[in-house]
Amino acid sequence: MANSDTAPQGSVRDRRIVAAQVIVTCPGRNFVTLKVETGAGVVGLGDATLNGRELAVAAYLEHHVVPNLIGRDAGRIEDLWQFLYKGAYWRRGPVTMTAIAAVDVALWDILGKMAGLPLYQLLGGRSRDGVLVYGHASGRDIEEASADVGRFISLGYRAVRAQCGVPGLAKPYGVTRQKNAYEPAESELPLETEWSTPPYLDLVPRLFERLRSDHGRQIELLHDAHHRLTPIEAARLARDLEPYRLFWLEDATPAENPEGFELIRRHSVTPLAVGEVFNAIWDCRALLERQLIDYIRTTIVHGGGITHLRRIADLAALHRARTGFHGATDLSPVTMGAALHFDTWVPNFGIQEYMQHSEQTLEVFPHDYVFRDGHLHCGESPGHGVGLDEKLAARFPYSPKQLPVARLTDGTMWDW
Ligand code: CS2
Ligand code: MG
């Protein structure tokens, strides 16, 4: 049954899964990749990286998923998705959904390679010429942040996220401390950072006032509050930012409680983006159906892959919400490749986050997407267009790292 419609074993059309391997590598940061191979020798790759919890997904895949894949038809993408989702009995959750995503993306990659078509073509074809992206600017103070936004504009970006140091707080979220892009997972045990809302609420409107005055009204500006505010604080910030016309305010308050977003909506018309920590359509449902957000951030690697993201994007479209996929550097180039094909096709596309990977990471994951004029362009090679140099990957063994935590200045644990 599971394999009844595939061609004879070993033939060029043999879609049976004959091998699946989990590859963990750390070219500067940890990535988990699933490699699936068919009887015809077609190889597909899926990203399975869950920042700070990488080995949990690797073990889930190795012990509980891979044994179920061998011998099955790689062409039955939908059925395998349902099998892995329903068949586990224990549904959803970031570990499970990241593992399912890795399988799903690897199978779409295989399908593209078998058909000789780029993934966006399998989804229904091109809806746009390129994918609008936003880069990550930051600075220790307003002055530095504005100069960094200027740097992104000079590189051709049309949309920039801006984060800034908060007076009196060490190690603020989103502000780079090296010359490389901001990388939060730096230490084996979580870095303890400090948080205080009043100086932040005072600073952020001044930051955006300055950015509009330095860079004009053409450039799209974004900001990430990273789940730190209570609903009423988030409402105040969203309202105070209105004169500066943000593209979006992200994760204004923790999203477990959709009522919090009703409160923000009551006070402000600043567009809201949520969902990078979601992993299933059920997490997105109330916020979308109640018209409480404008952009859904849930992306392929943590949201069950392309098969599930199509459903989330369709639900968003019913409510005129658009996609704004998470694209931090802890999502591997494999996710970026797959996301760009999805973005190229999806009718209700909004924007794609683009936090550039390091040179070392990009060498380990050869890819065919390119940045031009503020847009990323997926390539035309079959599948998602991202590979893995396994020899090089083997030179960078796993290195344990966790995300930071945040505490209020009196020591109380807070949302990071
Ligand atoms: C962030 C991420 O990119 C974003 O919007 O919120 O940097 C997030 O903190 C990391 O991906 C966590 O692993
Ligand atoms: Mg974010």
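Read the numbers this way: they start at 1 and go in the same order the structure lists the ligands and their atoms. Values in this document were obtained by computation on a predicted structure and should not be read as measured data.
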Proximity of Tyr200 and Trp195 rings by center, below 6.0 Å: yes

For atom 6 (O) of ligand 1, the option (of Glu276, His326, Arg29) bearing the nearest heavy atom: Glu276

Polar contact flag for Glu250 and ligand 1 (N/O pairs, less than 3.5 Å): yes

Side chain, backbone, both or neither: Trp416 near ligand 1, heavy atoms under 4.0 Å: side chain

Axial cation check for Trp345 ring with Arg310, 6.0 Å and 45° limits: yes

Element-labelled atoms of ligand 1 that are located less than 4.0 Å from some non-hydrogen atom of His226: 1 (C), 6 (O), 8 (C), 9 (O)

List, one per line, each side-chain donor-acceptor pair under 3.5 Å for residues 359-366, sequence neighbours excluded.
| from | atom 1 | to | atom 2 | distance (Å) |
| --- | --- | --- | --- | --- |
| Thr361 | OG1 | Pro27 | O | 3.1 |
| Thr361 | OG1 | Ser358 | OG | 3.0 |

Heavy-atom nearest neighbour of atom 10 (C) of ligand 1 within options Leu331, Val277, Asp330: Asp330

Side chain, backbone, both or neither: the part of Met355 lying under 4.0 Å from ligand 1 by heavy atom: neither

Pair Glu144 + Arg151, salt bridge at N-O below 4.0 Å: no

Output field: ring centroids Phe371/Tyr157 closer than 6.0 Å: yes

NZ/NE/NH1/NH2 to OD/OE distance under 4.0 Å, Lys171 and Glu192: no

Atoms named by residue and atom, protein N, O or S, within reach of the Mg ion (ligand 2) (under 2.8 Å): Asp224 OD2, Glu250 OE2, Glu276 OE1

Side-chain heavy atoms of Trp416 within contact of Pro184, under 4.5 Å: yes

NZ or CZ of Arg72 within 45° of Phe83 ring axis and under 6.0 Å: yes

Ring centroid separation Trp108 to His384 under 6.0 Å: no

